[in-house]
Protein chains: 4
Amino acid sequence: MSTKYELFDDLENKKARLCKAAVSIFSDKSFNRTTVQEIAQKAGVGKGTFYNYFDSKERLLSFLLDCGTVKLIEYVKDSIQEVMEPRDKLEKAIDSQLEYFNKNHDYFVFYLREMWSYRQGLEEQIFKLKEEYITIFENIIKEGEDSKAFKNVDIETISSGLFGMLSVASSHWALFSSEFPLENINQSVKEVFFNGILRG
Amino acid sequence: MSTKYELFDDLENKKARLCKAAVSIFSDKSFNRTTVQEIAQKAGVGKGTFYNYFDSKERLLSFLLDCGTVKLIEYVKDSIQEVMEPRDKLEKAIDSQLEYFNKNHDYFVFYLREMWSYRQGLEEQIFKLKEEYITIFENIIKEGEDSKAFKNVDIETISSGLFGMLSVASSHWALFSSEFPLENINQSVKEVFFNGILRG
Amino acid sequence: MSTKYELFDDLENKKARLCKAAVSIFSDKSFNRTTVQEIAQKAGVGKGTFYNYFDSKERLLSFLLDCGTVKLIEYVKDSIQEVMEPRDKLEKAIDSQLEYFNKNHDYFVFYLREMWSYRQGLEEQIFKLKEEYITIFENIIKEGEDSKAFKNVDIETISSGLFGMLSVASSHWALFSSEFPLENINQSVKEVFFNGILRG
Amino acid sequence: MSTKYELFDDLENKKARLCKAAVSIFSDKSFNRTTVQEIAQKAGVGKGTFYNYFDSKERLLSFLLDCGTVKLIEYVKDSIQEVMEPRDKLEKAIDSQLEYFNKNHDYFVFYLREMWSYRQGLEEQIFKLKEEYITIFENIIKEGEDSKAFKNVDIETISSGLFGMLSVASSHWALFSSEFPLENINQSVKEVFFNGILRG
DNA sequence: CATGAATGAGGCTTCATTCAT
DNA sequence: AATGAATGAAGCCTCATTCAT
């Protein structure tokens, strides 16, 4: 994964530090139990400096969610760009999402926790992005159906379901275990999602 | 679904009203943006009364999450109690979770949002319960592996993954759509989870 | 002056105490240098209590200015109600404004200081009221012109000018002197305003 | 009015620009709601530059009030210097104050708003100056009384009252009207102040 | 001199919780 | 048991001021 996909690494130094500090604390406590003070302190800057980079604490949240989703979308889209077969595309997309999670544990513990919070308020954009991400799955599955590679299923259900399967399984490991058996997760999910859990 | 499984219906009148009011507001805003005032008001009681039934706002959250998880566990466990075959058990469990979600939309929008928040603090119990629920899946899948009905997969991954698939697909419909096509969701998830998305 | 005209005396106990505390401090420092903390403390209540009675510190200011202007208008209007001759009316109005100032030194030191602050923002109403007060003078003077008792002058100029003369002269005494020679002020202003400063 | 009396025009370039920017903003918002940032920006300099010319925001206020009062005093004193008769002197003084207001609308809107704020703090000097200005009126009136041109009145009351009459009438026009009928104001004030409002 | 990023003291406001009635 | 006025700890944010460049 080149710098292009590194969360925050293309931001100004201080802004990146603030983002990283925030994510690190948010993955431990929740957004609401974290104070701006703490974030600034962890980033090694003054409290006022925070407000040179973000309009408010809420906007930081919005920015972080946005940022991660945009990068994830970029990353996954890039990874499937030159793949032709729907099945291969879906494999690649699964690989990519899991890799991405694996590269950014803190971020995704935070992400999974806070992504559900945004239904109303200013930040409808988050929802749009989450939808845009799931749309990647939807498009691949639709393509697979058209080419008779995949069965006819309810595309919305299965796309969001796949996203849920990957996210929750990843979180499960991130939250409850010290290891993150990327390969196992990858293989098990793919095996079941492509061929089902039934033997023979 | 008998009263036994109805959330809050076996509580004292006012406590039940407070729970229902809370869930209704929480599904709209998040826990943190909801005030005790609002909950009491919606329940039609005074603010002080709230504290006759709950030690604190946090304890209400804990109680609600707990309550829903316990009932879900009861409900699913009861539903599979007399089923013998692992595959039938898993089908039944999937049916039950989806039914349960369907009966309690507000609750599960809230549940999905807040369940991730609890890692530290007093409320480890929530985690235990969530784990206990996933353990139901784990046990069924283990049984299925033992009887050669199911393939060998990473059980933790696939159990939490199934939970994620069901939860996120359900939420997807609950959040983004006015309808909730229970039967479609059920069939699509089962078809993919049991047989995979690949045709032939 | 009956209770009817007493500033704040017809408010709830705590609200009145907060108003009185605020005015007392505002007359010493300015609004901006006074904290809500101080006001609450001087009123003998908790800081949070302040917000049970006023939406914000700004709204307190608005309320205080409003309140004083309304009462002044009431007081002056009542005092001239049964007077027929324009000259007598104007005398009575001058008497009343000076009496009112005299009864509420703190308030008017505060009033004169803050009344100019409100041009934009929510509180256009203040301006309307100040205008409404000056309109009392305008109407009397117009009447006096019509009945040939008064000369033809620019009514807006002379009405606001009279208000300024009374206000600034009163403030002068309130700010720079320990005494407030009500009678002297009254007589001197009237003598000059009615007959001019020129002898003979 | 030669440069001698132009506010700020004999200051260094940047200092003058800062003063003008400040007055312009202050006449719109109040001192307290204006930030140093805004002033610097409007003056077209950096925020740090502000502090090369003024020790603090407070000192700017002090300087502005001071500056305007000193110039006003100079201007009025100069204008009456060669006038002999008290009545003519007073007329000239009134002319001058009104001219001065007219030349510096923004400044006087600001001045009238902020002049009352200074009772304690470092800036007693402001009060002294305001007093010094009113003393000009006091001296003329005293002289007029001695020469029997003027009646015996309470000199402090009438001097501050005249200042108030001129200031508030001027502000009235500046704040509430797009025009400033200098001649009308001048004539009406003089007519009333010298001869009274009563006809015959 | 000029700048503007960095700072943190300080103030407003919210809201969970208490308690007298 | 029920209430809601009272409380004050806690947190977000502003902005005057500093200082390295």
Chemist: B/Gln41 CD to F/dG4 P: how many Å, rounded?
Modeler: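 Roughly 10 Å, once rounded to whole Å.
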Chemist: Rounded to whole angstroms, how far apart are NZ on D/Lys14 and C1' on E/dT3?
Modeler: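 Checked: the NZ to C1' distance equals 10 Å.
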Chemist: Give the rounded distance in Å between these two atoms: CG of D/Asn13 and P of E/dA2.
Modeler: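 These atoms are roughly 10 Å apart.
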Chemist: When you check the gap from the basic side-chain N to the acidic O, do A/Arg33 and B/Glu58 get nearer than 4.0 Å?
Modeler: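 Looking at A/Arg33 and B/Glu58, the cut-off is met.
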Chemist: Measure CZ/C/Phe54 against P/E/dC12 and give the value in whole Å, please.
Modeler: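 Distance check: C/Phe54 CZ to E/dC12 P gives 15 Å.
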Chemist: Fill in the dot-bracket string of DNA chain E, one character per base: . for unpaired, | for a pair to another strand, ( ) or [ ] for pairs within the strand, taking Watson-Crick or G-U pairs under 3.5 Å.
Modeler: .||||||||||||||||||||
Chemist: Using whole Å, report how far CG of A/Leu18 lies from C1' of E/dT7.
Modeler: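 Those two atoms, CG and C1', are 13 Å apart.
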Chemist: How far apart are the closest heavy atoms of D/Ser27 and D/Val109, and which atoms are they?
Modeler: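 In terms of heavy atoms, the two residues are closest at O-CG1, 3.7 Å.
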Chemist: Which heavy-atom pair separates D/Ala21 from D/Lys42 by the least distance, and what is that distance?
Modeler: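 For D/Ala21 and D/Lys42, the tightest heavy-atom pair comes out as CB-CG, 3.7 Å.
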Chemist: Please determine whether a side-chain nitrogen of the Lys or Arg among D/Lys71 and D/Glu6 lies less than 4.0 Å from a carboxylate oxygen of the Asp or Glu.
Modeler: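 D/Glu6 and D/Lys71: not salt-bridged.
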Chemist: Please check the phosphate of E/dA5 (OP1 and OP2 only) for any side-chain N or O of A/Asn52 closer than 4.0 Å.
Modeler: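 Checking E/dA5 against A/Asn52, no side-chain N or O comes under 4.0 Å of OP1 or OP2.
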Chemist: Reckon C/Tyr53 touches a base, only the sugar-phosphate, or nothing at all at heavy-atom distances under 4.0 Å?
Modeler: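 Sugar-phosphate, backbone atoms only, no base.
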Chemist: Under the criterion ring-ring contact (aromatic ring centres under 6.0 Å, His included), which of A/Phe110, A/Phe26, A/Trp116 is the partner of A/Phe31?
Modeler: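 Result: among A/Phe110, A/Phe26, A/Trp116, A/Phe26 is the only option passing the ring-ring contact (aromatic ring centres under 6.0 Å, His included) with A/Phe31.
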Chemist: Can you tell me the distance, in whole Å, between the CZ atom of C/Arg59 and the C1' atom of E/dC12?
Modeler: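 Rounding to the nearest Å, CZ of C/Arg59 and C1' of E/dC12 are 16 Å apart.
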Chemist: Salt bridge between A/Asp66 and A/Lys130, side-chain N to carboxylate O under 4.0 Å?
Modeler: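 Looking at A/Asp66 and A/Lys130, the cut-off is not met.
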Chemist: Report yes or no: is the cationic atom of A/Lys57 (NZ for Lys, CZ for Arg) under 6.0 Å from the centre of the six-membered ring of A/Phe50, at an angle within 45° of the ring normal?
Modeler: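 Checked: cation-pi criterion not met.
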Chemist: Any sub-3.5 Å donor-acceptor pair from A/Thr34's side-chain atoms to A/Ser30's backbone N or O?
Modeler: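 Yes, because the side chain of A/Thr34 sits within donor-acceptor range (under 3.5 Å) of the backbone of A/Ser30.
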Chemist: Once side chain to side chain donor-acceptor pair (under 3.5 Å) is applied, do any residues pair with B/Tyr111, and if so which ones, sequence neighbours excluded?
Modeler: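 Only B/Thr69 meet the side chain to side chain donor-acceptor pair (under 3.5 Å) criterion with B/Tyr111.
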Chemist: Rounding to a whole Å, what distance do you find between C/Lys15:NZ and F/dA5:C1'?
Modeler: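 Rounded to whole Å, this separation is 15 Å.
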Chemist: Taking CD1 from B/Ile39 and C1' from E/dC15, how many angstroms apart are they, rounded to a whole number?
Modeler: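 That distance rounds to 12 Å.
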Chemist: For nucleotides 16-21 of chain E, read 5' to 3', which letter fits each nucleotide if B means a protein heavy atom sits under 4.0 Å from the base, S means only the sugar-phosphate is that close, and - means neither?
Modeler: SBB---
